[in-house]
Each structure stands twice: as structure tokens, then as C-alpha cells.
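Since the structure comes first, as C-alpha cells, the remarks are kept for the end.
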Number of protein chains: 2
Amino acid sequence: MEPLKDCISNQVSVDNTSLENILSMFETIHVKKGDYFLHSRTICQKMAFIETGYLRMYDIADGKEITLWIGSSGKFITSLSSFVFQTVSQWNIQAVTDCKLHVITREKHLHLSKKEPKWLEFDNLLLARSFALLEQGAFAHLHTTAQERFDALLKNEPELFLNVPLQHIASMIGIAPESLSRLRKNLKN
Amino acid sequence: MEPLKDCISNQVSVDNTSLENILSMFETIHVKKGDYFLHSRTICQKMAFIETGYLRMYDIADGKEITLWIGSSGKFITSLSSFVFQTVSQWNIQAVTDCKLHVITREKHLHLSKKEPKWLEFDNLLLARSFALLEQGAFAHLHTTAQERFDALLKNEPELFLNVPLQHIASMIGIAPESLSRLRKNLKN
DNA sequence: CTATTCTCTTGACAAATGTTAGGAAATTCA
DNA sequence: TGAATTTCCTAACATTTGTCAAGAGAATAG
């Protein structure tokens, strides 16, 4: 649980007792490549800290899988609005490699929110950071070409290209897999 | 302040004393068309509930103004990550029509967060809802054409087309103003 | 009211990306 | 290992969208 412990203590100043109490609410699980952490059309009851591996969040539109985000080690993943509002989830969350996750249920999350103010603070920061990230992505889509988004992703998350099928990366960038092939070809020349 | 009052009481169950206390932290201001609620490269110290009018949030990239979002009556607007983390804001927030706003400063926001648990709850819901909205927008950009995004916006926020310069709407949809013209032309035929 | 500025439209052309179809390469499974 | 499946690449062509240039129309300021 060290990576999770670090993730929390790096963002909020919390004493050891509270931190241990928070960590004790998480359960460590392993998800195999191809298996699902969450199915769409169900209500999301958990959120996970990714210790190792990659998971993608996707929905199907017009018969095609659209990947909105790919989570990697050190990140949290959940179907946020489903988790918060207990509405049916739009998203599937599937492991694209074998994963080691630390999972907290909604119940325990609510429990911590009441008992550990620092957890609430951490959760708020997490949410605000996620918002900022998403905002950057949305902004990028408004003023960059596929080429530029590809270059940026390659620079910022090169490991993604080694561990995740390119079709999912293409989808996340907002282009067809064939177009991604072209961009990669340009790179080599 | 009735619209703000309703907005809060519709989302969280709060007694009258607390509600009045919360409302008393807001200050009503008027912003004229073209004036700025926030300039980029400054640190955002306030957030606003829009009672009437329209404001756009934009940044400049490659010499062009890119509008990420246009807020209308009943919505809150702020440069979220700047407001939360007190970092320099990327966004300009400018009135595109005369506006009536109810404004709360960061100080008073923090004060309420400590004194009025219901405010914190409301703020959390607001953040989660904003996240969900942004997420939908990002998803739409991954699998829809400009035409489809135009149609959807026209259906969901028709008033926007009557009150906001089309160039800003085009930017928000992610297309050139000339392209928006073409889409509008198609509509008529 | 008039001049100025801002906004919107149009058309021709260029560039980027999607689509379709086929096959090569890599991976997985039995 | 060998067959089946998945993933990736390529090429030709279609479509969408961007860019540039010009001008019409609307809003605004003096």
C-alpha cells in the first residue's frame, strides 16, 4: 500500500493514526487483463487506486468503443458521477493489462468522509485535480490537431504506447486507428 | 437572490437560518457587456452565480481566442482550479451581455465551508456535477461530427444562439466560424 | 445620422481525417 | 507448436473541416 500511502500524505498533512485508519478501509485486489472493474449500466459502488497496470474507461457510441481515459499507476479510477450520485454508469472500466488495485467502497468512503476530515480534504483535492485535467483535455481538443495531441501524449505518457493497444489510444485522442498509424509513420520519417 | 436561494435549496436540505447565513455571504454585482469578471494570469478570488446574462470563459492559443464554456443564468462560474489551488488562471471570464451576478469570495467560501456543513455538501455536488458535464462534452468531441455537436447545442441551449456572437459558439463547438456558417446554411435547406 | 467597427456569410481551394478493403504482423489459446 | 484471433499497417478514395479573401449586414459610438 506504500504508493497509496505516499499519494495521500503528499497531498494533505495527516497524522499516522488517521492515515492508517484511512488505509485500512482499502482492500487490495488483482484484476486480470480483459476483466472488468465496472460494467456500464450498473451503479458504481467503488473507486480504485491503481498500484500497477492500466485500465480504460469507455462507452459504446454508434457501435464503436470510445475510450475517454486510460488510467495508469498512481491514479484513481471510478465512474465518478455514478459513484457520487448513485446513478447508472455510462462507463465500462476494463483492465487492459493485469492490474493491482486498492479499492474502497462507497460505504467506507462515506464513513471516512464523516470520521476523517483529512480524507474529505483529500477527496476534494482529488476531484478538483481531476476536473482540471479533464478541462485541459477538452481545451486541447478545441485548438489542436490530431498530430499535436499525439505528440503531446507521446511526450507525457510514453509508457502508454508500450502497454495499451493503439486503437484505444487513437480513440482517446479522438481519431480513427488508421489515422494514428499515419501519424506514427510520419514520426519515423 | 431568489434564483440562488432556489438553486441551493433544490440540491441540499438546509434549514432557513443556515440558508440565510449562506446567502448573506454573497454580494450582488452587475457586469457590463464586454467587461471582465476575471483576467487570465491573475489568481481567481471569487466565484459567481449567474442570475441573468451570459459569460464566456476563454484562453488565447496560437493567437486565437478559444472559448471553452459559456455560462448562462442559473449556473455558477469561476476559474475552478485557480480558485481552489490559488494558482494563476489560464482563463479569461468576460461578460458577453450585461450580467447580474451573486459573488462569493474565496475567504467567505472557506468560512462557510467550516461553519456550514450544508454549504460544503452543496459545493461538493456542484463540483461533481460540473465534472460530469465536462466529461459529457469531452466524450462528445470523441465521437461526434461538428454537425452533430451543433444540432445538440441548438436543441439544448437555443437561447445561446440569440444572445452570443456565433464566433464564440463556433469556438466552443471546436470549429471555425466559417464552418458554423455552413452548418447553419444546411439547416435552412 | 453617419462612420466605423464588429459580425456573419460565401466561394474556391487546401489540408486533415474518415472509410473501406486487404493483408502483414503479433499475440493468444488449445 | 500451430491455428485462430487480435492488432496494426497501407493505399486509394471520399468527406469534412480549415484557410483565405472578399464583401454584405448589423451593431455601436460619436
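This is a predicted model, so every value here is computed, not measured. Computed over heavy atoms, backbone and side chain alike; hydrogens, waters and symmetry mates excluded. Lettering follows sequence order; numbering is per chain, from 1.
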* To do: Take A:Phe26 and A:Lys108, measure what side chain to side chain contact (heavy atoms under 4.5 Å, CB included) needs, and give me the verdict at the end.
  => CA-CA 8 Å; A:Phe26 284 82; A:Lys108 290 186 176 169; over 6 Å; no
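Here C:dT7 presents its P atom at 17 Å from CZ of B:Phe161, a figure rounded to the nearest Å. Between B:Arg149 atom CZ and D:dT16 atom P the separation is 14 Å, expressed in whole Å. The CZ-P distance, from B:Phe150 to D:dT16, rounds to 16 Å in whole Å. Counting to the nearest Å, the C1' atom of C:dC6 and the NE2 atom of B:His168 are 11 Å from each other. Counting to the nearest Å, the C1' atom of D:dG18 and the CD atom of B:Gln147 are 16 Å from each other. The distance from atom CG of B:Asp98 to atom C1' of D:dT28 is 14 Å, rounded to the nearest whole Å. If you take CD1 of A:Ile66 and P of C:dG18, they are 11 Å apart, rounded to a whole angstrom. We find that NE2 of B:His143 is positioned 17 Å from C1' of C:dT17, with the value rounded to whole Å.
Of the residues A:Tyr58, A:Trp91, A:Trp69, the one that meets the ring pair (Phe, Tyr, Trp, His ring centres under 6.0 Å) test with B:Phe139 is A:Trp91.
For the residue pair B:His143/A:Asp59, the side-chain donor-acceptor check at 3.5 Å is not satisfied. Checked by atom type, the side-chain pair B:Arg106/B:Gln45 shows no donor-acceptor distance below 3.5 Å. Counting only N and O atoms by type, the side chains of B:Glu27 and B:His102 include no donor and acceptor under 3.5 Å apart.
Closest to the A:Arg184 side chain, of the nucleotides C:dT9, C:dT17, D:dC9, is D:dC9. Of the candidates C:dT10, D:dA11, C:dT19, the closest approach to any side-chain atom of A:Ala176 belongs to C:dT19. For A:Ala146, counting side-chain heavy atoms from C-beta on, the closest listed nucleotide (D:dT10, C:dT17, C:dC8) is C:dT17. In the set C:dC8, D:dT19, C:dT19, D:dT19 carries the atom at the smallest distance from any side-chain atom of B:Arg182. In this structure, the nucleotide among D:dT10, D:dC8, D:dC20 sitting nearest to the side chain of B:Glu178 is D:dC20. Of the listed nucleotides (C:dT17, D:dT19, D:dT10), C:dT17 has the atom at the smallest distance from the side chain of A:Ile175.
Look at A:Ser181 and you'll find a side-chain N or O under 4.0 angstrom from OP1 or OP2 of D:dC9. Considering only side-chain N and O atoms, B:Thr145 lies nowhere under 4.0 angstrom from the phosphate OP1 or OP2 of D:dT16. Residue B:Lys32 places none of its side-chain N or O atoms closer than 4.0 Å to OP1 or OP2 of D:dT28. Put simply, A:Lys33 has no side-chain N or O that comes within less than 4.0 Å of OP1 or OP2 on C:dT27. Within the structure, every side-chain polar atom (N or O) of A:Lys185 is placed at least 4.0 Å from both OP1 and OP2 of D:dC8.
At a threshold of 4.0 angstrom between heavy atoms, the contacts of B:Gln167 are confined to the sugar-phosphate backbone, with no base atom among them. Residue B:Gly174 is in sugar-phosphate contact alone, with no base atom involved, counting any heavy-atom pair closer than 4.0 Å across all strands shown.
Under the 4.5 Å side-chain criterion, counting only non-hydrogen atoms from C-beta, B:Glu116 is not in contact with B:Phe122.
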